[in-house]
Protein chains: 2
Amino acid sequence: MAGRKQSSTYTRNEVCIIDCDLTYAVHKLGGRWKLLILDKLCKRKMRFNEIKKEFSYISERMLTLQLRALEEDGLVKRTVFAEVPPRVEYELTEMALELGPILKQLSDWGGKQRSFIKKD
Amino acid sequence: MAGRKQSSTYTRNEVCIIDCDLTYAVHKLGGRWKLLILDKLCKRKMRFNEIKKEFSYISERMLTLQLRALEEDGLVKRTVFAEVPPRVEYELTEMALELGPILKQLSDWGGKQRSFIKKD
DNA sequence: GCCATTAGTTACTTTTTTGTTAGTACCATA
DNA sequence: TATGGTACTAACAAAAAAGTAACTAATGGC
């Protein structure tokens, strides 16, 4: 996100893609781990290491990056407790909760598409 | 899609991501231009160059790649007419049409999220 | 024979995204 | 004084996605 060339075609196209509400939305949810994280958090608030343990192979760096992006986009609320060792809790915002039913439908569609493709 | 290392963490994680119906679905729709193309095609069937003209800055290569991926995933039907110069028409499949209402909701959510974020 | 037209393909470069590894701060406890 | 636990950060490397530019096939009309 930081340190991009402002004039590349890549960036110019991104601007036009973000212009559309739909591609904007997918852009916001498109990180590799974001939806999986949201899925875990919709059950309950979790600490950093709890989330990490849900995904065998995610690196701490990636988890941090994805969580920060979700926070910046108003989908996740991050609460830091002034303790040692540190405790940080993550939970979904109202905005993210509204996404739930839509993602459920998308998930159903995914399952259907998958089995449809496999038939061939 | 072709020629990937089979053993990288990237690929191993992808396997586990594709395992989930939701992330699978987003994976299928996640190409930069795919949703924009679907959006145009849901109005009417179109020829290659017609689609191209809808997007000022897409390259022929990218358009080809995205269309082929959509075709492979059963979202777009490609019809080649045996004429010279060639004529090729693209149209949505039933599977893609079912996606319409879901994408509409996602688009609405995107608009809402965008204005919510801008307020700060 | 030569050109224009459509829908591509190929080889290559650029940019972004994801992953690896080692290290940090903090303080309570042994 | 050393150790452990949590939630990170920084520098770097690997992989994928996107973009650029030049080229192709086929044939009807000139």
Considering only [options], which nucleotide approaches the side chain of [X] most closely?
X       : options               : result
A/Val88 : C/dG8, D/dA15, D/dC8  : D/dC8
B/Pro86 : C/dT6, D/dA18, C/dT16 : C/dT6
A/Arg47 : D/dG19, C/dT18, D/dT6 : D/dT6
B/Tyr90 : D/dG19, D/dT6, C/dG8  : C/dG8
B/Arg32 : C/dT6, D/dC8, D/dG19  : D/dG19
B/Val84 : C/dC26, D/dT27, D/dT9 : D/dT27
A/Arg61 : C/dT20, D/dA7, D/dA15 : C/dT20
A/Asn49 : D/dG19, C/dG8, D/dT6  : D/dT6
A/Tyr10 : D/dA26, C/dG8, C/dT15 : C/dT15

Does [N] have its OP1 or OP2 closer than 4.0 Å to a side-chain nitrogen or oxygen of [X]?
X       : N      : result
A/Arg68 : D/dT9  : yes
A/Gln66 : C/dT17 : no
B/Thr9  : D/dA14 : no

Exercise for the section: Starting from the 5' end of DNA chain C, give me the residue, B/Leu67 or A/Ile58, whose nearest nucleotide shows up first. Expected result: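 Looking at the nearest nucleotide for each, B/Leu67 comes out on the 5' side.
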Atom [atom1] of [X] to atom [atom2] of [N]: distance rounded to whole Å?
X       : N      : atom1 : atom2 : answer
B/Leu63 : D/dG19 : CG    : C1'   : 13 Å
B/Ile37 : D/dA18 : CD1   : P     : 11 Å
B/Leu65 : D/dA17 : CG    : C1'   : 10 Å
B/Phe81 : D/dA25 : CZ    : P     : 24 Å
A/Tyr57 : C/dG19 : OH    : P     : 13 Å

Problem - Candidate pair B/Gln105 and A/Gln105, rule side-chain hydrogen bond (donor to acceptor under 3.5 Å, both in side chains), full reasoning - result: CA-CA 10 Å; B/Gln105 295 170 65; A/Gln105 295 170 65; 2.9 Å; yes
Problem - Pairwise distance CG(B/Leu38) to NZ(B/Lys43) - rounded to 0.5 angstrom - result: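 Those atoms lie 11.0 Å apart.
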Practice task
Drop me the distance from A/Leu99's CG to A/Leu35's CG, to the nearest 0.5 angstrom.
Solution key: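 Atom-to-atom, A/Leu99:CG and A/Leu35:CG are 7.5 Å apart.
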Practice task
Would you check if there is a donor-acceptor pair between the side chains of A/Glu71 and A/Tyr90 at a distance under 3.5 Å?
Solution key: no
Handout entry: Other residues, nucleotides, ligands: >12 heavy atoms within 6.0 Å of B/Glu72 CD
Key =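 Not more than 12 within 6.0 Å, no.
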